[in-house]
Amino acid sequence: MVSRSLNKKFDKILAREEAGNLTSKTGNRSLRKMMNNRLAVVGLILFSIILFTAVFAPLITSADPMKINLRNMSQPPSWEHWFGTDKTGRDVLARVLYGGRVSILVGLGSGIISAIIGVLIGAYTGYKGGWLDVIALRVSELFMSFPQIILVLLLVSIIGQSLINLMIIFVLTGWGGMYRMARARMLSLREEEYVQALQSFGLSTPVICYKHILPNALGPIMVNITLSTAAFILAEAGLSFLGLGVPAHIPTWGNILNVAQEIRVLQNYWWMWLPVGAIISLFVLSVNFIGDGLRDATDPSQQG
Amino acid sequence: MQAAHDIALSVKDLKTYFYTNNRCNKAINGVSFEIRKGKTLCVVGESGCGKSVTASTIMQLLPALSRIEQGQVTYHSDNGDVEIEKLERDGQEMRAIRGSEIAMIFQDPMTALNPVYTIGFQIGESLKYHTNLNSKEIRERTIDLLRDMGISLPEMRVDDYPHQFSGGMRQRAMIAMAMSCNPKILIADEPTTALDVTIQAQIFELMEKLKTEHETAIMLITHDMGVVAELADDVAVMYMGNIVEAGTVDQVLRNPVHPYTRALLDSIPVLGKGKDQIISPISGSTPDPYNRPIGCQFAPRCSYKTDVCDVMPEEVNVDKTRRVMCWNYKDLLPNGE
Amino acid sequence: MLIYIIRRVLIFIPMLLVISFLVYGALELTPGDAVSALINPEVSGRLTEAQFNELREAYGLNKSFLARYGIWLANVFQGNFGHSLAGGVPISTIFLDRLPATLELSVVALLFSTIMGCILGTFSALKRGSIADSSLTVVGMLGVSIPEFFFGLVALLIFALNLGWLPVGGRLLPGYDSIWDRAPHIIMPAMVLSLMMTAGVMRYARSSMLDALSKEFIKTARSKGLPEWRINLMHGFRVALTPVVVLIGFRLPLLIGGSVIIEQVFQWPGIGNAFIAAVRGSDYPLVMMIALFSVFSVLLASLVIDVLTALIDPRVRLN
């Protein structure tokens, strides 16, 4: 006995099967699964739109994000200024678009760099083992025993605030997660038969490790990059919101939101913070959708 | 045919389809058989042929995306017949049958036992729901059951967790769990595949004992012909969702009349025949269940194939106890029959 | 079990020592005289150079780096964390002042997110593929995507500024101490803080539950004729719980980190609030001590989680 809705669904499939309309599908299974995941496609589209508007900001708005116009302060949205103007008369839309460039650069850049570092170290030490592995593992544990924001703020207070410093700090705090994932994959993959075969052919360690084993861990690595990108964008926004991230004169999504610390702005000038907050959320959401889609698509144990 | 009161369970023209990935897999496509009281029916076949699905269907333990399409599963209880396929999947009546009337043991006792509960707790659960015993009596009965299954120091082992048991002991505990309410039918789904050969023999000995002592009807699913020869009273050979040949163990093993059964037997080395014996593996591989051959499912791999095989053969009764699903079975009959 | 805990503590101590060493090293490298970090600046302002040197001698500051570290560590063990540069307040006083607020906030958020996350995730798994499941999945995604502070701002705008139901910030007015005075203040910050954690726990509980439900022992339980609730809760959820507890342990640093920003948004007078102020004011001794303290609490929490996992999973306990 099966529920009525399932019964209907089954009947439909059965009818199509009987008619011979269903055939075994061909093509890249991962890609097909990704495209079948509606949320991942939505994420991909959203991601592309936001990335496109940020990269091609000058084509979309002619306004200068840095230009102060004291005669045009705190204007609500209008045809001229779609997202209104801020307290010094700067165009909020232009700031959001140009700010997106920096925020995405910080997020994606730190995500990719920490992935590269983490994977290079993790793959090698995981494959080789020995004292190098022990040291790397302990160091990563050291970094990971701090709550991330505390460590970031600690480093900010020591090395000071700048765009490059922030990215360095993000990479420093972010490589550990990737390292551990890559190491764990390596530990299980190095026991596979094909690796022993390669060893018996006398291939060198880096070749086996990076050329033959690493590609097998590509799926989880991609997923991890998306997740850490999302985390870094959130972290940048939070830090800049506190005024401790990217220096205030550079427009970033977090810096734009900084004004909302004032109750007056929060209550009266919604256009100065609400749209940019929504865009951060949408962007991070799209990245998370993509990450989830990638995870499902590359995980062979999942059947969809 | 046997008299009705000898039969514990009869399955008639059963079809179970799976609906995963938006496709329909006809996992069981018209299966009929009977399990006799106090006898063992062995269901044999390669993996993926529908053996386990048949077992799951009897217990209504099918996954959510599957459905019994047609046919009857009739349980002949002491209080009259029960049409199992008509019962609600996890409804009260079905639950009352599971564990107490029909019990099941699984292939891998490690994964089939819950790792976070003690063996005693898991055996006791069955008793708690099917008997009126209080917790003290349940514990005593559990210890008795473990002792009957040949587990030493049952008073202590009853509080152990599955991972503290060895593989053979876990399967004994599984059997104790299944036998706790004296079921009329025991379904064993490849119960020894995950065990050592020496342990296998012990487990089978135990099952034989239960069969004779309790008159339990056993449905044993296996792919091991040696096990069949040893334990079976009746045999059903499955291929791609059909029973291609069924009969008593002597008939099927000595004079197979389906090309698949014969090929299956020819592919196994026989102990004592020496190393010169000819072993011929079955050519080809099992077809994709989503892309089945038209007509007889075995035809593409069959050396007796003729043009008629493009049409699905009917089940034919060769004699009283024996059925076959093949157009050309007469070619395989020994001369003079 | 006891041996297990002792072993875990033994792993935990060297880690803490290394981090305290690093923190002390960083503290020495930062600008500012070590003496001023140790004693009340009000007093130190009136000291002569000679007296300073005496103090240096007394505190052992002329000794080697390692010896100084040893003295500092001994001080920390005795609860003498040094003084904040701003106002010369002993750091231990700041801790005693601020800690209850932070603990209150994080414990409420942790409890809420654990319970809600488990309930919603389990529900979602049991109703797999239904409309409720899909909507919960999307909501869970939103929960991990919205910046916590932005969510806090929106909540502030709606519930405090526009509707006026809840106070804008702060903990409680002096003199009001009953739970009914406390509750309105903590609701918003705790809910906002737990948002991301709830979403995370929910997603994880769902997949862990689905994983547990696909296990063979669920089929065994069903073959015994047990009722569905017992199969789902006692066999499914119980097994799914272990990885969820482990995840909560992993996420705790995130919760502690998140409280730093949320305390700022809601002007919650906790450690996080003090931390931001210290970072802004380059109050290095305070920054370092709070960082050290946060590591200590993360390690302590992970220890508690490990013990908890061992308690609920016999495979861990008995090996």
Side-chain angles (χ1 to χ4, degrees), chain A residues 5-6 38-39 42-43 138-139 141-142 144-158 160 227 230-231 233-239 241-244 253-254 257 260-261 263 265-268 270 273-274 276-278 280-289 291-292 301-302, chain C residues 14-16 18-19 22-23 26 29-30 130 134 137-138 141-142 144-151 153-154 156-157 160-162 168-169 196 203 250 252-261 264-265 272 275-276 278-284 287-288 290-291 293-299 302:
Chain A
S5 63
L6 270 182
R38 239 174 295 167
L39 291 180
V42 169
R138 291 286 163 254
V139 173
E141 266 173 13
L142 214 66
M144 290 176 83
S145 54
F146 281 91
Q148 203 197 13
I149 294 197
I150 303 257
L151 183 57
V152 168
L153 283 173
L154 182 72
L155 293 173
V156 165
S157 80
I158 294 173
L227 293 182
I233 286 178
L234 288 178
E236 186 277 324
L239 288 174
F241 168 72
L242 294 174
L244 294 167
W253 286 340
L257 269 169
Q261 285 201 26
I263 292 282
V265 173
L266 193 64
Q267 196 161 20
N268 301 327
W270 58 269
W273 60 276
L274 203 58
V276 66
I280 299 176
S281 309
L282 278 180
F283 189 74
V284 175
L285 185 69
S286 75
V287 173
N288 278 333
F289 277 157
D292 235 37
S301 67
Q302 295 266 319
Chain C
M15 194 75 182
L16 206 58
V18 172
I19 286 175
L22 289 179
V23 164
L29 288 176
T30 54
S130 69
S134 322
T137 304
V138 174
M141 279 292 219
L142 266 172
V144 293
S145 301
I146 299 176
E148 280 175 329
F149 68 92
F150 176 65
F151 187 66
L153 293 175
V154 175
L156 210 55
L157 179 69
L161 297 175
N162 285 354
V168 177
M196 197 174 254
R203 280 161 55 95
F250 274 129
L252 269 182
L254 248 126
L255 191 74
I256 295 172
S259 71
V260 171
I261 295 183
Q264 194 65 19
V265 171
F275 187 60
I276 298 287
V279 171
R280 281 194 178 138
S282 299
D283 188 349
Y284 296 111
V287 170
M288 297 299 171
I290 294 180
F293 179 75
S294 76
V295 173
F296 175 73
S297 43
V298 167
L299 289 179
S302 74

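Labels below follow one simple rule: chain letters A, B, ... track the order of the sequence lines, proteins then strands, and each chain is numbered from 1.
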Does the C:R280 side chain pair with the main chain of A:L242, one donor and one acceptor, at a distance under 3.5 Å?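 Yes; at least one donor-acceptor contact below 3.5 Å.
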Would you say [X] and [Y] make side-chain contact, with heavy atoms under 4.5 Å?
X: A:L234; Y: C:M196; result: yes
X: A:F241; Y: C:V265; result: yes
X: C:I276; Y: A:L153; result: yes

Straight-line distance of [X] [atom1] to [Y] [atom2], nearest 0.5 Å:
X: C:S302; Y: A:M144; atom1: OG; atom2: CE; result: 11.5 Å
X: C:S294; Y: A:I149; atom1: OG; atom2: CD1; result: 11.5 Å
X: C:S145; Y: A:I233; atom1: OG; atom2: CD1; result: 10.5 Å
X: C:T137; Y: A:D292; atom1: OG1; atom2: CG; result: 8.5 Å
X: C:I19; Y: A:L142; atom1: CD1; atom2: CG; result: 4.5 Å
X: C:F293; Y: A:I150; atom1: CZ; atom2: CD1; result: 10.0 Å

If you count heavy-atom pairs under 4.5 Å with chain A, which of C:I290, C:L299, C:L157, C:L22 comes out on top?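 Sorted descending by pairs with chain A, the first entry is C:L157.
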Can you tell me which portion of A:A237 sits under 4.5 Å from chain C's heavy atoms? Options are side chain, backbone, both or neither.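 It is both, since atoms from each part get that close.
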Salt bridge (Lys or Arg N to Asp or Glu O under 4.0 Å) partners for A:R138, two or more places apart: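 With neighbours one apart ignored, the set is A:E141.
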Minimum heavy-atom separation for C:V144 and A:N288, please, with both atom names.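 Of all heavy-atom pairs spanning C:V144 and A:N288, the closest is CG2-ND2, 3.6 Å.
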So for C:V287, is it side chain, backbone, both, or neither that comes closer than 4.5 Å to the heavy atoms of chain A?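 Answer is both: backbone and side chain atoms of C:V287 are under 4.5 Å from chain A.
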Could you walk me through whether A:L274 and C:V154 pass the side-chain contact (heavy atoms from CB on, under 4.5 Å) check? CA-CA 8 Å; A:L274 203 58; C:V154 175; 4.0 Å; yes
Listed partners of A:S281 passing side chain to side chain donor-acceptor pair (under 3.5 Å), at least two apart: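 A:S281 satisfies side chain to side chain donor-acceptor pair (under 3.5 Å) with no residue once adjacent residues are dropped.
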Look at the rings of C:F150 and A:W273 and say which category their plane angle falls in: under 30° parallel, 30 to 60° tilted, over 60° perpendicular.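 Ring orientation, 0 to 90° scale: perpendicular.
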